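Down below is the structure, laid out as structure tokens.
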Amino acid sequence: MNLTDKPMKKYSLLLFDLDDTLLENSSWFDDGLVQTLAEHLLTKEMDEQQFLKKIKQPPRSLIDKLVSGELTTFEFKRERWKRALDSFEVKAEIEEIDQLVSLFVNRSMNFITADESVLHLMNELNKQFEVGIVTNGLYDPQQKIINMGLGDIFSQDKIIHAEPLGIRKPDSRIYTIALEAFNKKPEETIFIGDSWTHDVVGPMEAGMEAIWVNFRGEEKPTDYTPYAIVSSIVEIRDILVSGSGE
């Protein structure tokens with residue numbers, strides 16, 4: 001854990017990324033996909049691991065269209081499934097693809113469960129800070145939060161979701177929207193997340209501090225200096241809880 005010597009007392013809002021930050025267990029996606037493939041008639045005979053690789057590594061051109069706004073998240077999800085199916089020479093109607101997407105969402109959410117260490121952490125932080133979520137996630141963040149046992153802390157109005165806004169991190173407007181939702185200034189806010197671009201550089205350029213959850217053990221890609229670098233979300237407790245009263 002790396003920590004700067006900046007004072008903690010001025011911060012009153014913590015904004016969290018969701019996937020790979022608060023929701024550290026990413027296996028829900030893989031497990032949900034495998035179950036979906038096994039259940040649907042179109043996919044039950046497919047090689048699960050090969051299909052998983054295809055769905056998790058969509059073409060760069062498709063990702064670029066999502067980021068630019070040329071595709072909505074709904075259209076992106078549909079096209080991602082279509083291309084993965086095409087690679088297995090399975091031609092599916094739009095209705096069948098939508099069935100698969102819906103089935104996947106339903107099945108995958110069942111694999112998201114409460115993490116006692118994260119529950120304890122957030123209950124502590126919620127006593128000392130306002131807390132919110134800013135996520136680009138493609139799948140219902142509110143349902144994830146409920147399944148994680150955090151629904152009482154993160155009500156719908158505390159979740160800033162890129163999908164209905166039509167803009168995504170690191171677009172500066174989404175950070176502004178988040179600050180306005182909590183009536184906070186950037187200098188009162190710390191952003192916490194795993195993506196260097198979305199959760200460190202973007203927020204810092206918007207005037208916030210940032211804590212990088214570097215669970216992958218990567219080197220800093222650029223010269224920005226976040227408030228702290230941790231390897232797991234639970235490590236922020238020692239930084240925020242002990243320092244908040246100084």
Side-chain angles (χ1 to χ4, degrees), residues 11-36 72-74 77 101-169 174-184 188-195 198-199 202-203 208 210-213 215 230 232-241 244:
Y11 303 112
S12 57
L13 173 64
L14 305 178
L15 293 176
F16 291 86
D17 173 52
L18 181 52
D19 294 289
D20 291 327
T21 299
L22 279 177
L23 178 53
E24 288 188 304
N25 178 14
S26 61
S27 65
W28 63 271
F29 188 99
D30 295 20
D31 294 338
L33 185 67
V34 168
Q35 186 169 339
T36 299
T72 66
T73 54
F74 179 81
K77 286 182 281 190
V101 173
S102 179
L103 180 61
F104 166 71
V105 171
N106 181 275
R107 296 297 183 263
S108 62
M109 290 294 163
N110 292 331
F111 289 98
I112 297 175
T113 56
D115 181 324
E116 290 299 324
S117 61
V118 174
L119 283 174
H120 182 66
L121 170 70
M122 290 313 307
N123 280 319
E124 283 195 274
L125 293 177
N126 195 41
K127 295 173 183 176
Q128 299 186 42
F129 301 91
E130 288 189 69
V131 296
I133 288 171
V134 183
T135 176
N136 283 352
L138 296 175
Y139 302 97
D140 189 359
Q142 185 66 42
Q143 189 59 56
K144 290 178 182 176
I145 287 298
I146 291 170
N147 290 12
M148 293 168 68
L150 296 171
D152 290 341
I153 293 176
F154 294 106
S155 54
Q156 185 68 56
D157 61 328
K158 293 186 177 183
I159 300 174
I160 310 301
H161 188 200
E163 182 170 350
L165 295 174
I167 51 176
R168 301 170 57 80
K169 297 181 295 183
I174 200 166
Y175 307 113
T176 300
I177 288 169
L179 292 170
E180 290 175 347
F182 289 92
N183 194 28
K184 295 292 183 181
E188 298 176 295
T189 307
I190 300 179
F191 203 105
I192 300 158
D194 70 293
S195 168
H198 296 166
D199 306 324
M208 306 179 208
I211 295 177
W212 185 28
V213 183
F215 72 92
V230 298
S232 170
I233 187 67
V234 295
E235 291 180 19
I236 68 172
R237 182 194 179 280
D238 292 339
I239 300 166
L240 298 175
V241 174
S244 59

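None of these values were measured; they are calculated from a predicted model.
Looking only at side-chain heavy atoms (C-beta outward), Ser26 and Asp20 come within less than 4.5 Å of each other. Residues Thr135 and Thr21 have side chains not in contact (no heavy-atom distance under 4.5 Å, counting atoms from C-beta outward). You'll find the side chain of Leu14 stays beyond 4.5 Å of the side chain of Ile236, heavy atoms only. Inter-residue side-chain proximity for Leu13 and Glu130 is flagged as met; some heavy-atom pair is nearer than 4.5 Å. Contact annotation: the side chain of Ile177 approaches that of Ile167 to within less than 4.5 Å [non-hydrogen atoms, C-beta and beyond]. At least one side-chain heavy atom of Phe182 sits under 4.5 Å from a side-chain heavy atom of Leu15. In this structure the side chain of Phe129 never reaches within 4.5 angstrom of the side chain of Ile190, judged on heavy atoms. Contact annotation: the side chain of Asp140 never approaches that of Val105 to less than 4.5 Å [non-hydrogen atoms, C-beta and beyond].
Rounding to the nearest 0.5 angstrom, the gap separating the CG atom in Asp115 from the OG1 atom in Thr113 is 8.0 Å. To the nearest 0.5 Å, atom CD of residue Glu163 and atom OG1 of residue Thr73 are 2.5 Å apart. Taken to the nearest 0.5 Å, the OH atom of Tyr175 stands 6.5 Å off from the CG atom of Asp199. Considering CD1 of Ile146 and CG of Asp152, their distance stands at 9.5 Å, rounded to 0.5 Å. The line from OG1 of Thr189 to OH of Tyr11 is 9.5 Å long, rounded to the nearest 0.5 Å. Taking CG of Leu103 as the reference point, atom CG of Leu33 lies at 10.0 Å (rounded to 0.5 Å).
Evaluated for a side chain to side chain contact (heavy atoms under 4.5 Å, CB included) with Leu150, the options Val118, Ile133, Val131 yield exactly one hit, Val118. Paired with His120 under the rule side chain to side chain contact (heavy atoms under 4.5 Å, CB included), one option of Glu124, Met122, Glu116 passes, and it is Glu124.
Around atom CG of Asp157, more than 12 heavy atoms belonging to other residues, nucleotides or ligands sit under 6.0 Å away.
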task = Step by step, work out the side-chain contact (heavy atoms from CB on, under 4.5 Å) result for Lys144 and Leu18.
result = CA-CA 9 Å; Lys144 290 178 182 176; Leu18 181 52; 3.9 Å; yes

Stepwise side chain to side chain donor-acceptor pair (under 3.5 Å) check, Asn147 with Gln143 = CA-CA 6 Å; Asn147 290 12; Gln143 189 59 56; 2.7 Å; yes

request  = Go through Asp19 and Trp28 one step at a time and tell me if the side-chain contact (heavy atoms from CB on, under 4.5 Å) criterion holds.
outcome  = CA-CA 11 Å; Asp19 294 289; Trp28 63 271; 3.7 Å; yes

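Between Glu24 and Ile233, the closest heavy-atom pair is OE2-N, 3.3 Å. The minimum heavy-atom distance linking Ala181 with Ile160 is given by the pair CB-CD1, 4.0 Å. When all heavy atoms of Pro203 and His198 are compared, the closest pair comes out as CD-O, 3.2 Å. Annotation for Ile153 and Lys158: closest pair O-CD, 3.5 Å, computed over non-hydrogen atoms.
Distance alone, capped at 3.5 Å, places no donor-acceptor pair between the Trp212 side chain and the Ile192 backbone. Side-chain atoms of Asn123 come within 3.5 Å of backbone N or O of Leu119 as a donor-acceptor pair. A donor-acceptor pair is defined here as one N or O able to donate and one able to accept, closer than 3.5 Å; such a pair exists between the side chain of Arg168 and the backbone of Asn136. Between the side chain of Lys169 and the backbone N or O of Val134, at least one donor-acceptor pair lies under 3.5 Å.
Phe29 has its ring centre no less than 6.0 Å from the ring centre of Phe111.
The cationic group of Lys77 lies under 6.0 Å from the six-membered ring centre of Tyr139 and within 45° of the ring axis, placing it in a cation-pi geometry.
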